[in-house]
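Here is the structure we will look at.
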Amino acid sequence: MTARLIDGIALSQQLRKQVAARAQALRQRGVQPGLAVILVGDNPASQVYVRNKVKACEEAGFHSLLERYDASLSQPALLEHIARLNLDERIHGILVQLPLPDHIDAQRVIEAISPEKDVDGFHIASAGALMTGLPGFWPCTPYGCLKMLDSIGYDLKGKHAVVIGRSNIVGKPMALMLLQRNATVTVCHSGTQNLAHFTRQADVIVAAVGRRNVLTADMVKPGAVVLDVGMNRNDEGKLCGDVDFEGVRQVASYITPVPGGVGPMTITMLLINTLESAERVANLSS
Ligand code: NAP
């Protein structure tokens, strides 16, 4: 069997067209979705991510505001900027690009963002909403993975999903989303003994570790669906995921490539969260 690709670029293009149409409809009602992105310091990877987010906003017809600050910005000053953006009616989503410099407490900063504008879904209120099944913003990367499963019409009910990784931004929220869709979920992490024992039982595997070849063909049940969140560099310096793509694609039924898989979906879900935040405001004021 050779797995079919779940193409994150094509799916993103399709979803972003829908986002642009909804944004246009909102603008006609006098509301332009607005995203503020705060970048502190000059981390090269963060600069690329932030540029891509701002570009995606502009292409979708959003208002975007990029605030860049020197790495020496104090925590109180950053909190003041967030407080100002919380009150800014043109802004429906606030994103603080991580990582932050060491002298700043990232969790404190995230908690300063109004939950109504927490389009990254990292606020404890958003995490609690996901946990309890209440409405709230879902973290973009696992939300994008769920959309990819939806795009192939995959019904998770009764399926066994194995998530490798338990970070607050990918692994844990991914597990909760899969649970909400009635999958039976196993979460593996660095303390898991015999990872292959679990992955071989899985109908769906989400790899979110940040290490090459965490998942190889011998660890995958024939016909499983494999989503690769990881972003690593191979020996030639090229971007690659956590999954041994060439091997696993011979066993899986569907697989996401890296690049061109989960990555583009993350920004797409950020646009969707921001749009939905703006739609909420527009509906409240109409
Ligand atoms: P993270 O915070 O470093 O978490 C990694 C997780 O992997 C941890 O839970 C860790 O377990 C677990 N782990 C480490 N070694 C393991 C092993 N040998 N077997 C099983 N589990 C292991 O990373 P993250 O933020 O979740 O990101 C994961 C990857 O996804 C990274 O490559 C990141 O760059 C990528 N990513 C991609 C996107 C995108 O848009 N495509 C977005 C976010 C992240 P412990 O908890 O026990 O330490």
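Quick caveat, the model's predicted, so the values are computed rather than measured. Hydrogens, waters and symmetry mates are skipped; everything else that's a heavy atom, side chains included, is used. Atoms within each ligand, like the ligands themselves, are counted from 1 in listed order.
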Please list all pairs passing the side chain to side chain donor-acceptor pair (under 3.5 Å) test where one or both residues lie in residues 195-205, with sequence neighbours left out.
-> H197-Q201, D203-K221
Are R29 and E279 ion-paired here, with the side-chain N under 4.0 Å from a carboxylate O?
-> no
Examine distances only and state if a side-chain atom of D242 and a backbone atom of D228 form a donor-acceptor pair shorter than 3.5 Å.
-> no
Residues passing the ring pair (Phe, Tyr, Trp, His ring centres under 6.0 Å) test with H160, sequence neighbours excluded, are none
Side chain to side chain contact (heavy atoms under 4.5 Å, CB included) partners of D155, counting only residues at least two apart | K157
Could you tell me whether the side chain of V19 reaches within less than 4.5 Å of the side chain of E59, counting heavy atoms only?
-> no
Within the heavy-atom cut-off of under 4.0 Å, ligand 1 is lined by T141, I164, G165, R166, S167, I169, V170, H189, S190, A208, V209, G210, R211, V229, G230, M231, G263, T266
